[in-house]
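I have placed the structure first, in the form of structure tokens, so that the comments after it can refer back to it.
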Amino acid sequence: MIIIHWADSIAQKLSYRGKKHVIAAGITPSGEFHIGHLREILTGEMIHRACLKLGLDSEFVFVVDSADPLRKVYSFLDPEYEKYVGHQLAMIPAPDKYGKPDSTAGSYSDYFLNPFLEALKNIGVKPKIIDNYQSYSEGKFSEACKIVCEHVEDIKTIIETISGRELSADWFPYNPIDENGCMDGLVVTGYNWPFVYWKDSIGNSGKNNLKNGEGKLPWRLDWPAKWSWIGVTCEPFGKDHGTSGGSYSTGRKFSEMFGHEPPFPLAYEWISIKGQGAMSSSSGVTIGPMEVLELVPSEILRYLVARSKPAKHIEFNTGDILLNLADEYERVCASFYEKNLLESEENLTKRQKVLRHEAIGSVEYSQINLDSEIDPSYKVPFRHLSMIAQIRSNDEDVFFALEKSGYIKSAKSPSKKLIEKLSKIRCWINSSHFPENLKIQINERVDNKILVNFNFPINEFIQNLVIKFKNLDTWESDYIGSCIINTAKEMDLNVPDVFRLLYLIILGKVSGPKLARLLQELDKDKILTLILSAKNN
RNA sequence: GGGCCUGUAGCUUAGUCAGGUAGAGCGACGGGCUUUUAACCCGUCGGCCGCGGGUUCGAAUCCCGUCAGGCCCGCCA
């Protein structure tokens with residue numbers, strides 16, 4: 001097959017290397033996980049799925065870099081964390097809600113990792129978790145550590161020539177920890193398998209056993225060491241690692257040194273928040289996956305990553321971009337799964353076929369479960385539902401409205417997915433994320449200046465309409481609607497003009513959602529007062 | 001300084017690896033539906049494919065150069 005989704009294309013390349021594959025993703029749990037981290041995971045997971053589709057024997061692993069030290073006291077941490085800087089993330093306490101270390105809350109790394117794993121479960125990602133700290137203590141790295149400690153000069157040369165970075169004379173390719181668990185300020189003074197000997201800045205000395213993970217390899221070696229003992233054949237990484245002179249280019253050399261063919265490289269671009277730059281937990285520019293999962297169905301979040309090739313920069317926000325994304329997902333579903341266009345492929349040009357297959361691939365990789373059918377809740381467009389949800393406070397009424405307009409067959413039995421979709425939309429509408437221009441905002445008072453362009457007796461129309469409204473026994477959309485139409489007809493007025501006027505009075509805009517249904521959801525007395533306050537003098 | 005990625009319609013982009021008439025969606029505009037839409041359906045407009053050269057019968061696609069934006073060469077995905 002020539003025409004494929006980006007994940008399929010990578011899987012195909014992997015298939016030339018062999019049948020057994022380990023696709024890896026790795027993240028340091030130094031703070032809150034965000035959508036950017038999700039790209040790492042989903043990119044890997046989609047390649048993994050593509051491999052399975054090709055009949056390869058593939059495994060997907062998520063390496064949690066819990067052996068990394070705390071770099072500094074981040075803005076969300078209390079200064080009390082100062083004493084843990086340089087200590088491994090798996091060994092320091094999680095922060096409480098004030099950012100202070102809480103010795104009862106488990107480890108720092110688990111604290112940030114667990115909610116992320118929960119979110120992954122929601123989007124159907126089930127990786128094998130590899131805890132880096134634990135792997136060191138179990139001796140998984142000892143082979144690599146031995147090789148590294150016996151080739152210090154070679155390693156220095158490789159790093160210095162490839163990265164152009166100059167290493168100090170006492171640099172050593174293993175970072176030991178002192179008796180308190182701190183990595184900073186130690187200088188290695190000797191090596192004799194399986195021990196490294198060190199001294200600290202005030203003259204204390206000690207030794208660490210390389211087999212027990214007392215310390216860790218520096219990043220540029222830690223990464224390829226993982227490749228070799230896990231057997232990684234493909235790993236997506238952020239573009240920072242992908243650049244020449246970056247950790248992939250030194251990593252591939254070290255990988256060979258460890259006797260492992262370097263994994264197939266795949267650099268991906270950052271996700272940024274529109275108008276705010278790249279996502280980063282330290283700068284506070286961040287949107288968490290769980291946050292987004294509260295607003296839209298899980299498929300949409302997968303679609304965000306599935307639809308763009310890894311090299312493409314993604315701009316994201318929880319307002320209009322998210323809405324367009326949901327919109328696009330639904331449209332693609334509809335065009336490919338309802339119209340059965342696949343059957344008539346013969347007549348298409350190559351480009352049209354490519355377009356089609358990529359779109360289909362994106363939708364397929366957006367499904368929560370591998371090989372599951374596309375969930376039919378896409379048939380109720382997000383945009384439409386967000387409007388209905390705003391004017392109908394009761395869920396049942398929403399489903400009746402959907403039935404009436406033909407989006408669903410029966411209001412009595414909405415699918416579980418649809419109920420969930422509605423509840424997420426309600427959550428979105430009530431949050432600060434919801435786009436302003438889609439909000440239905442009822443005027444507090446009327447700006448009479450904008451009513452001057454009507455060439456019919458507005459004041460008289462309003463009086464007549466309000467009398468009809470007052471006479472209504474039940475404030476229900478059908479009756480409200482006929483009041484408006486009848487008043488217009490009795491006065492021989494143009495109906496669209498009348499609606500324009502009413503939209504201006506109530507919403508301040510010339511159009512809006514179905515007016516009668518909107519009014520039905522609002523307080524009758526307030527509306528009458530508002531309408532009566534309008535004049536065009 | 002060295003290197004990587006990106007640049008296609010007003011916006012978001014597909015197509016670049018494997019050269020063969022530039023395709024979508026959104027928006028805009030027009031029409032249909034007319035108990036009123038932001039739904040739905042139909043249609044229209046809109047592109048020196050960043051720029052300059054080269055290879056080729058033929059280049060968005062390959063090669064060289066150049067400009068712009070982002071990033072890396074210090075453990076931020």
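Residues forming a side chain to side chain donor-acceptor pair (under 3.5 Å) with Asn317(A) (at least two apart in sequence, or on another chain): Asp320(A). Qualifying side chain to side chain donor-acceptor pair (under 3.5 Å) partners for Asn471(A), counting only residues two or more places apart in sequence or in other chains: none. For the salt bridge (Lys or Arg N to Asp or Glu O under 4.0 Å) test, residues two or more places apart in sequence or in another chain that qualify with Arg17(A) are Glu261(A). Under the rule for a ring-ring contact (aromatic ring centres under 6.0 Å, His included), His433(A) has no partner lying at least two apart in sequence or in another chain. Remark: Phe116(A) engages Ile27(A), Phe33(A), His37(A), Leu38(A), Ile41(A), Phe62(A), Leu120(A), Pro289(A), Met290(A) in a side chain to side chain contact (heavy atoms under 4.5 Å, CB included) (not counting sequence neighbours). With sequence neighbours left out, the salt bridge (Lys or Arg N to Asp or Glu O under 4.0 Å) criterion links Arg426(A) to Asp395(A). Shown here are the salt bridge (Lys or Arg N to Asp or Glu O under 4.0 Å) partners of Asp68(A), two or more places apart in sequence or in another chain: Lys216(A). Judged as a salt bridge (Lys or Arg N to Asp or Glu O under 4.0 Å), and not counting sequence neighbours, the contacts of Glu118(A) are Lys121(A).
For the P atoms, the distance linking C42(B) with G27(B) amounts to 15 Å, nearest Å. Only the P atoms considered, G25(B) is 27 Å distant from C62(B), to the nearest whole Å. When the C1' atom is used for both G46(B) and A38(B), the distance is 24 Å, rounded to whole Å. Atom name C1', nucleotides A68(B) and A28(B): the rounded distance is 28 Å, in whole Å. Rounded to whole Å, the C1' atom of C49(B) lies 7 Å from the corresponding atom of A22(B). For the P atom pair drawn from G70(B) and G65(B), the interatomic distance equals 23 Å after rounding to whole Å. Distance check on atom C1': G19(B) versus A59(B) gives 6 Å, rounded to whole Å. Comparing C75(B) with C11(B), their P atoms sit 38 Å apart, to the nearest whole Å.
RNA chain B forms stems at B:1-7 with B:67-73, B:10-13 with B:23-26, B:28-32 with B:40-44, B:50-54 with B:62-66, each a run of 3 or more consecutive Watson-Crick or G-U wobble pairs whose two key distances fall under 3.5 Å.
Among the atoms of the strands shown, base atoms are found under 4.0 Å from some heavy atom of Asp68(A). Residue-level contact check: Gly36(A) touches the bases, meaning some heavy atom is under 4.0 Å from a base atom. The residue Asn175(A) sits close to a base: some heavy atom pair falls under 4.0 Å. If you check every strand for non-hydrogen atoms under 4.0 Å, Ile484(A) touches nothing.
Put simply, CD1 on Ile506(A) is 12 Å from C1' on U36(B), counting in whole angstrom units. As rounded to whole Å, 13 Å separates atom C1' of C75(B) from atom CG of Leu217(A). Distance CD1 (Ile321(A)) to P (C11(B)): 14 Å, rounded to an integer number of Å. With rounding to whole Å, Arg39(A) atom CZ is found 16 Å from C76(B) atom C1'. As rounded to whole Å, 12 Å separates atom C1' of G74(B) from atom CD1 of Ile159(A). The distance from atom CG of Leu502(A) to atom P of U37(B) is 13 Å, rounded to the nearest whole Å. Spacing between atom CD of Gln88(A) and atom P of C75(B) amounts to 17 Å, rounded to whole angstrom units. We find that CG of Leu519(A) is positioned 14 Å from C1' of U37(B), with the value rounded to whole Å.
Relative to the side chain of Lys309(A), the nucleotides G74(B), G15(B), U12(B) differ in distance, and G15(B) lies closest. For His37(A), counting side-chain heavy atoms from C-beta on, the closest listed nucleotide (U36(B), C75(B), A77(B)) is A77(B). Checking C75(B), U37(B), U35(B) against the side-chain heavy atoms of Tyr503(A) singles out U37(B) as nearest. Candidate nucleotides C75(B), U36(B), U35(B) were compared by shortest atom distance to the side chain of Ile485(A), and U35(B) ranks first. Of the candidates U36(B), C17(B), G74(B), the closest approach to any side-chain atom of Lys13(A) belongs to C17(B). Side-chain atoms of His34(A) lie closest to A77(B) of the nucleotides G7(B), A77(B), C75(B).
The list of salt bridge (Lys or Arg N to Asp or Glu O under 4.0 Å) pairs with a residue in residues 37-47 of chain A, not counting sequence neighbours, reads Glu45(A)-Arg49(A), Glu45(A)-Arg302(A).
Each of Pro218(A) and Leu507(A) has a nearest nucleotide on RNA chain B; the 5'-most of these lies closest to Leu507(A). Summary of the strand contacts: Ala267(A) and Phe237(A) both lie near RNA chain B, and taking for each the nucleotide with the nearest heavy atom, the more 5' one is attributed to Ala267(A).
Note: Tyr365(A) and Trp6(A) fail the aromatic proximity criterion, with ring centroids not under 6.0 Å apart. Two rings, from Phe469(A) and Trp475(A), have their centers less than 6.0 Å apart. Ring centroid separation for the pair Phe254(A) and Phe258(A) does not come in under the 6.0 Å cut-off.
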Got a list of protein N/O to nucleotides 70-72 of chain B N/O distances below 3.5 Å?
unit_1	atom_1	unit_2	atom_2	d
G70(B)	O2'	Lys239(A)	NZ	3.2
C71(B)	O4'	Lys239(A)	NZ	3.3
C72(B)	O2'	Asp240(A)	O	3.4
C72(B)	O2	Thr243(A)	OG1	3.2

Tabulate atom names and distances for all N/O pairs under 3.5 angstrom spanning the protein and nucleotides 27-33 of chain B.
none

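Checked against Trp227(A) for a ring-ring contact (aromatic ring centres under 6.0 Å, His included), the options Phe237(A), Phe264(A), Tyr248(A) give a single hit: Tyr248(A).
Distances shorter than 4.0 Å separate some side-chain N or O of Lys312(A) from OP1 or OP2 on A14(B).
Atom-to-atom distance recorded for Lys156(A):NZ and Thr161(A):OG1 is 12.5 Å, nearest 0.5 angstrom.
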